[in-house]
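Quick notes on the structure that follows.
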Amino acid sequence: MEIRFSDSDPLGLECEALVVGAFSGEGMERDLVRRLDEVLDGLLSERAENGSFKGEEGSSLLLHRPAGVAARRLLLAGLGEEEHASDESVRRLGGMASRRLKDEGCSVVHVVLPRDRTAPGSVRACVEGFLLGPGGLGAYKTGEGSAKEDPYRGPCEGLVLVLPGEAEEEQREAALEGEVAGEAMILTRRLVNTPGNRMTPLVLGREAREACRETGVGTEILTGGQLEERGFGALMAVSRGSSQPPCFIIMRYLPEDDGEAARPPLVLVGKGITFDTGGISIKPNRGMEEMKADMAGGAAVIGAMTAIGRLKPPRPVIGLVPASENMPGGAALKPGDVIESCSGKTIEVLNTDAEGRLILADALAYAVEQDPEGIVDIATLTGACVVALGRVYAGVMGSRQGWVDRVRETAAERGEKVWPLPMDREYDSLVESDIADVRNTGKDQPGAITAAKLLEMFVSDRPWAHMDIAGMAWRKEGSAWVGEGPTGFGVRTLVGLALRETLLPEG
Ligand code: BES
Ligand code: ZN
Ligand code: ZN
């Protein structure tokens, strides 16, 4: 997609579509909206009075050939109350623009950034929103006009951001970052949306390799004997119930500068269960189809690595995705089995549906061997995290407060909501096993913390943070600014972390 800037007067801009954000209440009276109201002969105040368009969040008003405006279409996008405005409002403005105009056949859309919302963070958010607006419903329908190569790619080819003055370097950089992150999220969403029969572990590996190749990120995909040689016992044990072979996807980004390349890497780890039936501890039928999204953490890492390859941060970044199905075949793991992970530690498997933490145990042990400055894993790990935080916040837990705080700060800057859960030592006993080094389900209720406590056993003394995105990877319903289904959650935080000057706070 082509992104440009313009400092022309919005009213005089000859273009296919002009998008203007309108705040509700007092805010609607302001500046550009008031000027528009004047040239439109009071139409907007009339609409506000009769209640048909009051600038409420998610509402919109599309006018064709508006009088007194050079644009062929004028879209007013409701942003809600101005006092609650944030970069998220601008992200929503971008999303509404691409969603509402998608059937209009516009190839280039002009969006006026709201007053006071032109800082680099807002510019980035607007571009991200514009790219994330389109949804992927009907991706596999056949027939006239329905073959969609990439269901999340919007129909518009260009976005012009309209600012009061000439764009500064920081704003241009932010637009590029927004574009790259948005594109990465489109990739992640497509991978997550792909049904389990089409998205097997090896397909995920192939997709990762193809996507990374274009961005100069190296990939290595370990399969069969290679997994055995390296002792990926937990990954192999989880995949044993499936006829689809597992794989371990390794993606490496190395900066060109020798000094930068010599720094310790940031390691990103994503759960890549391409379908989770629960295995022998089988899940109930209701809603099981959502378990095609159980590789959303892995897909977020793949998306983030492509963005990292394009944005070239000044440190090496390694992405790791253990990929497997979790099926109840004849050779499947059974409750009570004891398996050996890549670190040599043994795990008692009490519930085969707690499989994510098993494959992550192998991947985290591998991450530690890379001598990382910091590790972040991201996984649709527990229903308990959804109970704790709902579908508003992802959970974050970890081994070192400074590092967990960094992840939180970065997520907040990038507009992704994550909230910490405690990891005090009193919780250690949750995963104590009588027969092995650790057990894979807890003795008590706090399921999200239990899972994190198992992972903690495999990160040695490294700074490590774990994001549980079980409630965030899949959105049941779309809204005025974003489509339903996969969200691409996590990509922006992972990319943001890679781009930070320093990872760990001093000391
Ligand atoms: N993939 C699921 C977690 C999940 C639940 C993701 C809902 C997305 C939405 C995970 O593998 C799982 O099944 N966890 C179990 C653990 C339990 C058996 C200890 C759970 O949360 O019920
Ligand atoms: Zn499971
Ligand atoms: Zn799972």
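Just so you know, ligand 1 is whichever comes first in the structure, and atom 1 is the first atom listed for that ligand.
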Could you check whether Thr277 and Asn326, counting side-chain N and O atoms only, form a donor-acceptor pair closer than 3.5 Å? no
I want to know if ligand 1 touches Asp353 in the polar sense, i.e. an N/O pair below 3.5 angstrom. yes
Should Glu183 and Arg153 count as an ion pair when the cut-off is N to O under 4.0 Å? yes
Measuring only between side-chain heavy atoms, which start at C-beta, is Phe489 closer than 4.5 Å to Thr188? no
By number and element, which atoms of ligand 1 are closer than 4.0 Å to a non-hydrogen atom of Lys271? 1 (N), 10 (C), 11 (O)
Could an N or O of ligand 1 be found under 3.5 Å from any N or O of Gly383, whether backbone or side chain? yes
Just go through Glu355, Met472, Met291, Glu290 and tell me whose heavy atom is the nearest to atom 11 (O) of ligand 1. Glu355
Could you check whether Arg408 makes a cation-pi contact with Trp419, meaning its NZ or CZ is under 6.0 Å from the centre of the six-membered ring and within 45° of the ring axis? yes
Partner set under ring pair (Phe, Tyr, Trp, His ring centres under 6.0 Å) for Tyr427, not counting sequence neighbours: none
Is ligand 1 under 4.0 Å from a heavy atom in the side chain of Leu381, in the backbone, in both, or in neither? backbone
Mind checking whether Val386 has a heavy atom under 4.0 Å from ligand 1? no
How far apart are the C-alpha atoms of Ser89 and Arg117, what are their side-chain angles, what is the distance that settles it, and do they pass the side-chain hydrogen bond (donor to acceptor under 3.5 Å, both in side chains) test? CA-CA 9 Å; Ser89 320; Arg117 289 279 150 207; 5.9 Å; no
If we only count heavy atoms from C-beta on, is the Glu373 to Leu504 side-chain gap below 4.5 Å? yes
Distance from atom 1 (N) of ligand 1 to nearest protein heavy atom, with residue and atom: Asp294 OD1, 2.9 Å
Closest protein heavy atom (residue, atom, distance) for atom 18 (C) of ligand 1: Asn351 ND2, 3.3 Å
Looking at Glu177 and Arg414, is any side-chain nitrogen of the basic one under 4.0 Å from a carboxylate oxygen of the acidic one? yes
Which protein non-hydrogen atom lies closest to atom 19 (C) of ligand 1, naming both residue and atom, and how far is it? Thr441 CG2, 3.6 Å
Under 4.0 Å, heavy atoms only, figure out whether ligand 1 is touched by the backbone of Arg357, its side chain, both or neither. side chain
Verdict with reasoning, Ile308 to Met251, per side chain to side chain contact (heavy atoms under 4.5 Å, CB included): CA-CA 11 Å; Ile308 288 164; Met251 294 161 278; over 6 Å; no
Among all protein heavy atoms in this structure, tell me which lies nearest to atom 2 (C) of ligand 1, with the distance rounded to 0.1 Å. Asp276 OD2, 3.6 Å
Closer than 2.8 Å to the Zn ion (ligand 3), how many protein N/O/S atoms do you count? 4
If we set the cut-off at 4.0 Å for heavy atoms, which region of Met295 has an atom near ligand 1: side chain, backbone, both, or neither? neither
Side-chain ion pair, Glu210 and Arg213, N-O less than 4.0 Å: no
Using a 4.0 Å cut-off to any heavy atom of Lys283, which atoms of ligand 1 qualify? 2 (C), 12 (C), 13 (O)
I'd like to know if the side chain of Thr441 reaches the main chain of Leu350, judged simply by a donor and an acceptor atom lying under 3.5 Å from each other, with no hydrogens or angles considered. no
Is any NZ, NE, NH1 or NH2 atom of the basic residue among Arg500 and Glu409 found under 4.0 Å from an Asp or Glu carboxylate oxygen of the other? yes
